[in-house]
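Each chain gets a letter, A, B and so on, in the order its sequence line appears, and its residues count up from 1.
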Amino acid sequence: MDPFLIGQQVVNGLILGAIYGLIAVGYTMVYGIMGMINFAHGEVYMIAAYLTAIFLALLASFGVDSVPVVLFLTLLGTVAFTALHGWAVERVAYRPLGRSTRLAPLISAIGISLVLQNYLRLSQGARTQGVPPLLEGVIRIPAEGAGGHFVQITYIQVMIVIMALAGMGVLTWLIQATSLGRACRATQQDRVMAELLGVDTGRIISVVFVLGAAMAGVAGVLVTLNYGSFDFFIGFVTGIKAFTAAVLGGIGSLPGAMLGGLVLGLSESFFSGFVNTDYKDVFAFAILIGVLIFRPSGLMGSPEVEKV
Amino acid sequence: MTLLSVRDLDMHFGGLRALSRVSFEVGRGSVVSLIGPNGAGKTTVFNCITGFYRATSGSIRLSQSRGDVELLELLGAPLTVADLFPPRHLFRRLAAKMFGGSHRIARAGVARTFQHIRLFRELTSLENLLVAQHRRFGRNILAGLVGSRGFLRAEGRAVALALEWLQRFELETEVDRPAGELSYGQQRRLEIARALCTDPILLCLDEPAAGLNDTETAAIARLIRELVDQHGVTVLLIEHDMRLVMEISDHIVVLDHGEVIARGSPAMVQHDPRVLAAYLGTEGEGVE
């Protein structure tokens, strides 16, 4: 097999995986702390795509044309707004159902997901939209091309990898080394006990939603800059894929979500590169089914222990 | 001086009356024990005081330096007509409805341990104690992110306090071990240390000596007495080990079938005929 083709699929897979990982983190953190799947999470990513376009247009109209400044402000603004969305989703859709059955928040999640999709459709139109490429240029390995063969990485893709690593690094540090993260881990292990020790667990849950949504926001910005086009429905498939990644890595585990994202991204990219592009989603979900059958706790999840 | 005063506490689970009109008081700086046969409602009383349950009716008042607080109110007890006036009272009640919850009880100064140890098993001993001090740090996420000086100082103080308690409870060698890996006796001590890290004025211990041998039980008894005498903590205790109870209690409240059947000093309670009946069966059933 052509080594350059393999190399190219590895690059594509890593980039796809980094995106899945960033979104999967939101699923896994919410599940870890509340034991429920936030199905509206994919929509936050979709909103980030629209926000990116809006911020790019705004900055252009103000005459800001330095690429790093535009990138930074777009990222900052988008993440701030998506974090706000994450906070609002929890307040509106989940908190009022705190004391009800396990199924109710799930239905509410589907509801809020439809609301978000359609509010974007109403306010921004149903057509596929796009943004102009902000950062052009590619790196080719080898630089002069070995007989027309090379592995190509765009600058945007390099940025995706860097941003994804940075995002996950900050998140891991926040959870493992700060007092807030300690309170999050305590709440995850025993919410009632944390509350009895004076931790405001409602606030911790808000923080978790905000962090998850911020990560999805980062992913939304990066993907939009990479692919350039989006519509109000992109959150669904990407959300489900990221959820697959979270389950694959072991839902509830932060490093698991990142690993799951990479594994899913790589296998999807290899499948579409060497077998068939049309069936790549089928392959991704076949992996999900396989994991659920053979290793339900995921790659890095601990087996379910019955709590006393 | 009274620290905690429980008045006419009722707790119903559906049709089951777990507690009916339970009243007792806990004096500041004393050790008060709740005793009674299994199923008498001792743990239910604890659960109501610490906000684990929401009592059906009654009142639990805790006197703080700033004045009395009604714990049931902090939990967001249902509003009644009497709450409508004066406006300041109504405002306080509405605020409790919105922001209330059992974390407010802990912040008011009540801490507890459980009969079945309930540590954060995957967190280290030190982290367990730090979580208990969470509310006293700068809780600002930004301050934590940039590591502001105030934040680091608060964190440093918290670690120092945690280490002090770990040493006091002879756990200084286990600082960085996950709590789930500690021995049973160590876990019991860590749980008490964690409760103390919330800086409580009232410490509720639910069977602290359960599963401990005689030496460990004696150590716990000494420790409880020291906490009261040297640190000014008030202790409310549930315990089945009568020797421990009689040794360290200043006052004993006896519960049976969800009602208080006797109250008094250890010597008084020991000779109360109703207490003997509750523990040994009624007089009629006894062998003549």
Does atom CZ (A/Phe81) have a neighbourhood of more than 12 heavy atoms from anything else shown, all under 6.0 Å? no
Please say whether more than 12 non-hydrogen atoms of neighbouring residues, nucleotides or ligands are located less than 6.0 Å from CZ in A/Phe72. no
Taking all heavy atoms of [X] and all of [Y], pick out the closest pair and write down the distance.
{"X": "A/Arg182", "Y": "B/Leu123", "value": "O-CD2, 4.3 Å"}
{"X": "A/Leu197", "Y": "B/Ala106", "value": "C-CB, 3.7 Å"}
{"X": "A/Leu196", "Y": "B/Arg112", "value": "CD1-CD, 4.0 Å"}

Any donor-acceptor pair under 3.5 Å linking the side chain of A/Gln189 with the backbone of B/Arg121? yes
When rounded to the nearest 0.5 angstrom, what distance separates [atom1] in [X] from [atom2] in [Y]?
{"X": "A/Ser179", "Y": "B/Glu127", "atom1": "OG", "atom2": "CD", "value": "11.5 Å"}
{"X": "B/Phe120", "Y": "A/Arg185", "atom1": "CZ", "atom2": "CZ", "value": "11.0 Å"}
{"X": "B/His103", "Y": "A/Ile204", "atom1": "NE2", "atom2": "CD1", "value": "10.5 Å"}

Heavy atoms under 4.5 Å from chain A: which residues of residues 184-204 of chain B carry them? B/Arg194, B/Thr198
According to side-chain contact (heavy atoms from CB on, under 4.5 Å), who are the partners of A/Pro255, at least two apart in sequence or on a separate chain? A/Ser253, A/Met300
Whatever's closer than 4.5 Å to a heavy atom in chain B on A/Ala194 counts as both
Salt bridge B/Arg104-A/Glu195, side-chain N to carboxylate O under 4.0 Å: no
Contact origin within B/Ala132 toward chain A - heavy atom pairs under 4.5 Å: both
